[in-house]
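Worth saying up front: this structure is predicted, and the values here are computed from it rather than measured.
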Amino acid sequence: MTQPEVSVLQDVLRLYDHRFLELADDQRRRLVTGTRHVLGERLADEVRAALPAAHRLRAFCIQRGLHAELERLIREETEGHRAGAVVVGGRVYAMYPYLRGVPRHDADITDEVRVEHRLDALGWAGGRVRLHGQAAIGQVAAREVAVEVILRERATAGERRVGTSPHGSGFEAVIDPAGLGPGSWDVHLAVAAFGLTREAAFGAVRDARLKTGPRERDGVIVAFGERGDLTIDVPGTRPTPGRLRRLLRRS
């Protein structure tokens, strides 16, 4: 299959969402039959690799005539239920107990899992920035999750790493601006479980009660950027008054 055909296949499989569930039984059967004709008996490896896991699993059900399983898969996704996942050899595989015989490459969601995070509290502890939050690798249930705060300076790409400690069901980090040096430092998280590590910008997802106005102490400004992520501005390349006014307007 050529790349345009992959695009067509994605468009077809995209129909298997809530719209599929709204069809009458005979309409569903006709759509599945037509899609099976498009899919053929087996997808080429390069085609399969170009599809997201959700589409690969739909194709698996359609090719094997697993109508009830297909409907359950779509219904659970529509209702917001997500499959659990297991990490094996550094790869992440979604688990569907009702889908038997799914090839590993169809259930492989390694490239799709992301950090799920939330900022719960933010403030000053003396001259240091203290934050509390939650973080995990999506769909991967783990008793032990290692969280590290990564600060990256926007202009120079300089990097500093800060460890965290457990705090309730989440983590706590204390950041000393004196150890960063002048600049605008964007806050990221590195989250690790079962040998798998994922990174994400931090701060855009936060507790609804958290105040979003900039926090300033000794010239250091802690604020949320245009995309909502957390930034620490350390004087030296001190934020201009104009930037501070823009931060205050956004709060």
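Look at Arg104 and Asp106 and you find no salt bridge, because none of the NZ, NE, NH1 or NH2 atoms lies under 4.0 Å from a carboxylate O. Salt-bridge check for Arg58 with Glu77: passed, with a basic side-chain N closer than 4.0 Å to an acidic carboxylate O. Salt bridge annotation for Glu199-Arg114: absent, with no cationic side-chain nitrogen under 4.0 angstrom from a carboxylate oxygen. With respect to Arg152 and Asp186, no salt bridge is recorded, no charged nitrogen being found less than 4.0 Å from a carboxylate O. Ion pairing between Arg28 and Glu71 holds under the 4.0 Å rule for side-chain N and carboxylate O.
Surrounding CZ of Arg128 are at most 12 heavy atoms belonging to other residues, nucleotides or ligands under 6.0 Å away. Arg227 CZ: 12 or fewer foreign heavy atoms inside a 6.0 Å radius. Atom CZ of Arg29 is surrounded by 12 or fewer heavy atoms from other residues, nucleotides or ligands within 6.0 Å. No more than 12 heavy atoms of other residues, nucleotides or ligands lie within 6.0 Å of CD in Glu144, so this atom counts as exposed by the packing criterion. Within a 6.0 Å sphere centred on NE2 of His37, heavy atoms belonging to other residues, nucleotides or ligands number 12 at most.
Using a 4.5 Å cut-off on side-chain heavy atoms (C-beta onward), Arg75 and Leu21 make contact. By the 4.5 Å heavy-atom criterion applied to side chains, Phe60 and Glu69 are not counted as neighbours. Residues Phe224 and Leu210 are in side-chain contact: their nearest non-hydrogen atoms beyond the backbone lie under 4.5 Å apart. With a 4.5 Å cut-off on side-chain heavy atoms, Thr231 and Arg154 count as touching.
To the nearest 0.5 Å, the span separating NE2 on His132 from OG on Ser165 amounts to 8.0 Å. Between atom NZ of residue Lys211 and atom CG of residue Leu122 there is a gap of 12.5 Å, rounded to the nearest 0.5 Å. Taking CG from Leu70 and CD from Gln63, the interatomic distance works out to 12.0 Å, rounded to the nearest 0.5 Å. Taking CZ of Arg19 as the start and OG1 of Thr78 as the end, the distance is 10.5 Å to the nearest 0.5 Å. To the nearest 0.5 angstrom, His105 atom NE2 is 9.0 Å from Leu43 atom CG. With rounding to the nearest 0.5 angstrom, the OG1 atom of Thr197 is 12.5 Å from the CG atom of Leu189.
Between Phe20 and Tyr16, the angle of the ring planes lies from 30° to 60°, which puts this pair in the tilted group.
One hydrophobic cluster, built from ILVMFWY side chains closer than 4.5 Å, cannot hold both Val92 and Val102; they sit in different ones. Cluster membership check: Ile150 does not share its hydrophobic cluster with Leu196, using side-chain heavy-atom separations under 4.5 Å among Ile, Leu, Val, Met, Phe, Trp and Tyr.
Considering only residues two or more places apart in sequence or on other chains, Asp11 meets the side chain to side chain contact (heavy atoms under 4.5 Å, CB included) condition with Ser7, Arg14.
For the 3.5 Å distance criterion, the side chains of Glu153 and Ser184 fail to qualify, holding no donor opposite an acceptor. Thr110 and Tyr93 share no side-chain donor-acceptor pair at under 3.5 Å.
Applying the side-chain contact (heavy atoms from CB on, under 4.5 Å) test between Val38 and each of Leu9, Leu13, Ile62 identifies Leu9 as the sole match.
Separation of the Phe202 and His188 ring centroids does not fall under the 6.0 Å cut-off.
Of all heavy-atom pairs spanning Gly203 and Arg206, the tightest one is O-NH1, 2.7 Å.
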